[in-house]
Q: 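Handing you this structure, nothing more for now.
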Amino acid sequence: MYRVNLLHANPKKYQVLVMTPRNVNKEAKNECTLDIDNQKLEPTANLRILGVNINDKLSFTEHIREICKKVSNKIGVRARLRNLISSKTKLQLYLTAILPHLTYCQTVWHFCKQSERRKLERLQERTLRIIYNCRTDTYEDLRSAKLPSLQ
C-alpha cells in the first residue's frame with residue numbers, strides 16, 4: 001500500500017501488541033511478528049498510545065502508576081504553597097493542573113481494578129485536604145466544591 005502511494009514506511013514508529021487468551025503460552029505470542037518493508041516488528045508487552053499505557057492483558061496498572069507519580073509531584077508543590085494562596089486559587093490550580101491528569105482518556109482505562117481507582121480517589125482526597133486546609137472532614141464533605149467522584 002505504501003509503495004502504491006509512493007510512501008516509505010518507518011518501522012521504528014510501529015508497535016505490535018499481541019493479545020491472546022490466558023491459556024496461550026508466551027512462546028506462541030512471540031512467534032507472531034509483523035513484516036513491513038522487509039523489517040520484522042517484534043511484539044511488545046506494553047504499548048503507549050496517545051498517552052495511555054496498555055499491556056497485552058489489558059491491564060492499566062502501569063498507566064495508573066504514571067498518573068499517580070505525576071499527580072503526587074504536583075500535589076507536593078501545592079502543599080508547599082498551602083499557606084501562601086487562597087483556597088479559591090488552590091482549587092483553580094487543581095482544576096487546571098491536576099484534574100486533567102486524573103481524567104484524561106478515562107473512558108479507555110475506567111475499567112481498571114478497583115484498587116487502582118481507589119489510588120486516584122485518594123490523590124484527589126489529599127489534594128482537597130490541602131486546598132481547604134482540613135484534616136478532619138470526610139471525603140464527601142470535601143467534595144462540596146461540586147467535584148465529581150473519579151469513580
Q: Answer yes or no: is there an ion pair linking Glu66 with Arg48, defined by an N-O contact shorter than 4.0 Å?
A: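 Salt bridge between Glu66 and Arg48, a charged N being under 4.0 Å from a carboxylate O: yes.
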
Q: Enumerate the residue pairs fulfilling ring-ring contact (aromatic ring centres under 6.0 Å, His included) with a member in residues 35-56, sequence neighbours excluded, ordered by first and then second residue.
A: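 For residues 35-56, and leaving out neighbouring residues, there are no ring-ring contact (aromatic ring centres under 6.0 Å, His included) pairs at all.
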
Q: Heavy-atom distance under 4.5 Å between the side chains of Asn46 and Asn53, does that happen here?
A: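 Side-chain contact under 4.5 Å: yes.
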
Q: Could you give the distance from CD1 (Ile131) to CG (Leu91), rounded to the nearest 0.5 Å?
A: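 These two atoms lie 5.0 Å from each other.
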
Q: Suppose we screen for side chain to side chain contact (heavy atoms under 4.5 Å, CB included). Which residues come up paired with Gln92, at least two apart in sequence or across chains?
A: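 Testing Gln92 for side chain to side chain contact (heavy atoms under 4.5 Å, CB included), a comparison that skips the adjacent residues, returns Leu95.
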
Q: Identify all side-chain donor-acceptor contacts of residues 68-79 below 3.5 Å with residues at least two apart in sequence or on another chain.
A:
from: Ser72; atom 1: OG; to: Cys68; atom 2: O; distance (Å): 2.8
from: Asn73; atom 1: ND2; to: Lys69; atom 2: O; distance (Å): 3.4
from: Arg78; atom 1: NH1; to: Lys74; atom 2: O; distance (Å): 3.2

Q: Sequence neighbours excluded, which residues qualify as side chain to side chain contact (heavy atoms under 4.5 Å, CB included) partners of Thr96?
A: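 Scan of Thr96 (side chain to side chain contact (heavy atoms under 4.5 Å, CB included), adjacent residues dropped) gives none.
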
Q: Would you call Glu62-Arg65 a salt bridge at under 4.0 Å N-O?
A: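 Salt bridge between Glu62 and Arg65, a charged N being under 4.0 Å from a carboxylate O: yes.
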
Q: So which pairs with a foot in residues 32-79 pass ring-ring contact (aromatic ring centres under 6.0 Å, His included), sequence neighbours left out?
A: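 Output for this query lists His63-Trp109.
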
Q: CD1 of Ile130 to OH of Tyr94: how many Å apart, nearest 0.5 Å?
A: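 The CD1 atom of Ile130 sits 11.0 Å away from the OH atom of Tyr94.
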
Q: Can you tell me if CG on Leu84 sees more than 12 non-hydrogen neighbours from other groups inside 6.0 Å?
A: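 Buried by this count: over 12 neighbours within 6.0 Å.
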
Q: Output the distance between atom CD (Glu116) and atom CD1 (Ile67), rounded to the nearest 0.5 Å.
A: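 Going from the CD atom of Glu116 to the CD1 atom of Ile67 covers 10.0 Å.
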
Q: Nearest 0.5 Å please: distance from the OG1 atom of Thr127 over to the CZ atom of Arg129.
A: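 So the gap between those two atoms works out to 11.0 Å.
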
Q: Show, in sequence, the C-alpha distance, side-chain angles and deciding distance for Ile98 and Leu93, and conclude whether the side-chain contact (heavy atoms from CB on, under 4.5 Å) test is met.
A: CA-CA 7 Å; Ile98 295 175; Leu93 285 171; over 6 Å; no

Q: Under the rule for side chain to side chain contact (heavy atoms under 4.5 Å, CB included), what residues qualify as partners of Asn133, not counting sequence neighbours?
A: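 With neighbours one apart ignored, the set is Arg82, Asn83, Lys90.
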
Q: Residues two or more places apart in sequence or in another chain: which of them pass side chain to side chain contact (heavy atoms under 4.5 Å, CB included) with Ser59?
A: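 Ser59 satisfies side chain to side chain contact (heavy atoms under 4.5 Å, CB included) with Asn55, Thr61 once adjacent residues are dropped.
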
Q: NZ of Lys119 to NZ of Lys113: how many Å apart, nearest 0.5 Å?
A: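 Reported value, rounded in 0.5 Å steps: 8.5 Å.
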
Q: Please report the interatomic distance OH(Tyr104) to CG(Leu50), rounded to the nearest 0.5 Å.
A: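 Here the rounded value is 5.0 Å.
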
